Peer 1: 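First, the structure itself, so that you have it in front of you.
Please read all numbers here as calculations on a predicted model, not as lab measurements. Below, each value reflects all heavy atoms present in this structure, side chains not excepted, and no hydrogens, waters or symmetry copies.
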Amino acid sequence: MPRSLCQITDFTSEEIKQVFDLCAGMKKGEISPKPLQGKSVACIFTKASLRTRISFEVGISELGGNAIYVTDNEIKLGQRESVADAARVLSRYVGLIMIRTFKQSDVEELAKYASVPVVNGLTDLVHPCQILGDYFTAMEHLGSKDRYKIAYVGDGNNITNSWLNLATRIPIDFRIGTAANCTPDADLLEKARNNSDSSILLTEDPKEAVAGADVVYTDVWASMGEKHLAEEKASRLKKYQLNSSLLALADPNAIVMHCLPAERGREITDEVMNSPQSVVFDEAENRLHIQKAIMAFLLR
Ligand code: CP
Ligand code: NVA
């Protein structure tokens with residue numbers, strides 16, 4: 001079975017370091033591998049996307065390949081035929097499969113039956129490419145430190161869960177400030193607490209989470225697939241808004257991160273998003289570089 005990236009925990013700490021080295025080399029233009037020369041990549045989207053779609057398509061082209069964008073209208077994954085059969089068929093045509101969908105189990109099933117690498121471009125559970133890119137961005141801005149103090153305020157979602165995954169591979173001091181019923185995945189939280197050198201704090205006090213942090217991260221309060229809960233979540237999470245007074249509690253050199261798209265005025269204010277501390281567009285750019293590195297690593 002080829003290697004895939006369904007979750008960050010599919011990679012060891014050493015492999016993540018190799019991906020970061022590849023990413024840095026490609027971003028600086030020192031290396032430009034073409035592992036997709038003469039190959040195509042199926043990019044399956046059952047949810048909306050700007051960054052993931054465009055950065056994957058550009059990245060695939062820069063690695064010498066050809067991207068085929070498909071929506072679930074065509075594939076109807078798991079309905080028209082089994083996920084396993086779709087995996088077997090796609091593997092006869094393409095050199096890699098990238099998928100953004102709802103169920104993590106669909107991505108794992110695709111990876112199990114595909115004979116080419118599968119890359120998770122976001123599920124309800126995790127968004128591994130995002131957080132690998134975000135950690136790379138944090139390293140660019142913060143340089144070497146013993147371990148970064150990373151505060152996440154807002155809804156405990158696929159982004160929070162991916163930080164928990166990363167915490168099992170890279171030691172971080174991760175603080176989650178969220179409401180009682182908006183907590184991240186319990187299993188991933190337990191694994192991060194029990195199987196890592198990271199420290200994990202879950203608190204209902206956003207100030208406790210942010211105090212002295214090097215990175216202050218937030219994301220939308222209602223993710224794709226749960227936009228019908230937007231008002232309910234907003235009322236639960238409004239004290240977790242990333243605004244200037246909350247940010248003032250972080251380290252004075254702290255960076256502000258958001259995976260985007262942002263709902264300005266909800267989870268993050270314009271003032272914070274536009275402040276010199278905000279690196280949100282660097283994160284967006286690094287999606288391109290990290291995904292090229294992930295694909296090159298999987299196809300090596
Ligand atoms: N951050 C991110 O994945 O953006 P898109 O939803 O636009 O792809
Ligand atoms: N948590 C958000 C991330 C979007 C990139 C969502 O799943 O909609």
Side-chain angles (χ1 to χ4, degrees), residues 4-11 16 44-53 55-56 72 77 98-111 118-138 150-170 172 174-179 181-192 200 202 209 215 217-230 233-234 236-237 240 242 257-263 266-268 280 283-284 286-287 290-291 294:
S4 286
L5 178 64
C6 299
Q7 302 202 39
I8 288 175
T9 45
D10 290 343
F11 288 172
I16 291 173
I44 305 168
F45 284 85
T46 73
K47 284 178 174 174
S49 174
L50 187 162
R51 280 144 291 270
T52 305
R53 176 175 177 187
S55 58
F56 261 103
D72 204 42
L77 201 65
M98 177 265 134
I99 177 162
R100 162 169 289 196
T101 192
F102 293 86
K103 284 161 50 190
Q104 179 70 16
S105 56
D106 281 348
V107 177
E108 312 261 352
E109 183 94 344
L110 203 55
V118 171
V119 178
N120 182 349
L122 178 147
T123 61
D124 291 347
L125 187 71
V126 286
H127 195 0
C129 297
Q130 180 72 49
I131 298 310
L132 288 173
D134 288 341
Y135 193 85
F136 183 84
T137 307
I150 299 170
Y152 177 94
V153 282
D155 187 40
N157 61 14
N158 45 11
I159 295 295
T160 335
N161 292 338
S162 303
W163 277 115
L164 289 170
N165 267 340
L166 186 92
T168 68
R169 296 295 182 264
I170 297 176
I172 55 173
F174 188 46
R175 304 95 165 268
I176 305 160
T178 191
N181 27 24
C182 296
T183 49
D185 182 82
D187 179 48
L188 296 184
L189 181 65
E190 194 188 313
K191 284 187 175 133
I200 310 288
L202 179 63
V215 174
Y217 201 118
T218 192
D219 183 19
V220 288
W221 289 337
S223 287
M224 289 180 275
E226 56 173 37
K227 293 293 181 193
H228 57 289
L229 300 175
K233 291 232 171 184
R236 284 187 194 155
L237 290 167
Y240 302 90
L242 181 48
M257 301 188 106
H258 190 310
C259 57
L260 306 180
E263 295 185 14
R266 282 208 164 202
E267 77 278 1
I268 189 167
V280 300
E283 290 176 78
N286 281 335
R287 291 292 303 283
I290 201 76
Q291 287 155 194
I294 290 165

Peer 1: Taking the side chain as C-beta and beyond, is there a heavy-atom pair between E108 and S4 under 4.5 Å?
Peer 2: no
Peer 1: Mind running side-chain contact (heavy atoms from CB on, under 4.5 Å) on T178 and L237 for me, showing each step along the way?
Peer 2: CA-CA 7 Å; T178 191; L237 290 167; 3.7 Å; yes
Peer 1: I16 versus I8: any side-chain heavy-atom pair under 4.5 Å?
Peer 2: yes
Peer 1: With side-chain hydrogen bond (donor to acceptor under 3.5 Å, both in side chains) as the test, pick out the partner of Q7 among N165, N161, T123.
Peer 2: N165
Peer 1: Go through the steps to decide whether I159 and Q130 satisfy the test side-chain contact (heavy atoms from CB on, under 4.5 Å), and finish with yes or no.
Peer 2: CA-CA 8 Å; I159 295 295; Q130 180 72 49; 3.8 Å; yes
Peer 1: Mind checking the CE-OG1 spacing from M224 to T46? Nearest 0.5 Å is all I need.
Peer 2: 9.0 Å
Peer 1: Donor-acceptor pair, distance only, cut-off 3.5 Å: does the side chain of N157 make one with the backbone of T160?
Peer 2: yes
Peer 1: Give a yes or no on this: more than 12 heavy atoms of other residues, nucleotides or ligands lie within 6.0 Å of atom NZ of K103.
Peer 2: no
Peer 1: Closest approach of F45 and R53, non-hydrogen atoms and distance?
Peer 2: CZ-CA, 3.5 Å
Peer 1: Distance from F56 atom CZ to R51 atom CZ, nearest 0.5 Å?
Peer 2: 14.0 Å
Peer 1: Looking only at non-hydrogen atoms, find the nearest pair between A230 and A222 and report the distance.
Peer 2: CA-CB, 3.8 Å
Peer 1: Distance check, rounded to the nearest 0.5 Å: I99 atom CD1 versus L77 atom CG?
Peer 2: 5.0 Å
Peer 1: Supply the atom-to-atom distance L110 CG to M98 CE, rounded to the nearest 0.5 angstrom.
Peer 2: 10.5 Å
Peer 1: For T101 and K47, which heavy atoms make the closest approach, and how far apart are they?
Peer 2: O-NZ, 3.5 Å
Peer 1: Distance from Y217 atom OH to L242 atom CG, nearest 0.5 Å?
Peer 2: 12.0 Å
Peer 1: Nearest heavy-atom pair of M257 and A138: which atoms, and what distance?
Peer 2: CE-N, 4.0 Å
Peer 1: Hey, are D155 and Y240 close enough side-chain-wise for a donor-acceptor pair under 3.5 Å?
Peer 2: no
Peer 1: Are the side chains of R175 and Y152 in contact, using a 4.5 Å heavy-atom criterion?
Peer 2: no
Peer 1: Measure across Q104 and C6 and return the closest heavy-atom pair with its distance rounded to 0.1 Å.
Peer 2: NE2-O, 3.1 Å
Peer 1: With a 4.5 Å cut-off on side-chain heavy atoms, are L125 and L188 touching?
Peer 2: yes
Peer 1: Are a donor atom and an acceptor atom from the side chains of Q291 and S55 found within less than 3.5 Å of each other?
Peer 2: yes
Peer 1: In the structure I gave you, are the side-chain heavy atoms of L50 and P261 within less than 4.5 Å of one another anywhere?
Peer 2: no
Peer 1: Answer whether the closest heavy-atom distance between the side chains of F11 and R169 falls below 4.5 Å.
Peer 2: no
Peer 1: Contact between L164 and I176 at the side-chain level, heavy atoms closer than 4.5 Å - yes or no?
Peer 2: yes
Peer 1: Please determine which of T52, L122, D219 meets the side-chain contact (heavy atoms from CB on, under 4.5 Å) test together with C259.
Peer 2: D219
Peer 1: Can you tell me how far CG of L5 sits from CD1 of I294, rounded to the nearest 0.5 angstrom?
Peer 2: 5.5 Å
Peer 1: Tell me yes or no: between the side chains of T137 and N286, is some donor less than 3.5 Å from an acceptor?
Peer 2: yes
Peer 1: Are K233 and E226 within salt-bridge range, i.e. N to O under 4.0 Å?
Peer 2: yes
Peer 1: Taking all non-hydrogen atoms of both residues into account, name the closest pair between C129 and I290 and its distance.
Peer 2: O-CG2, 3.6 Å
Peer 1: Verify the distance criterion only: is there a donor paired with an acceptor across the side chains of D124 and N158 at less than 3.5 Å?
Peer 2: no
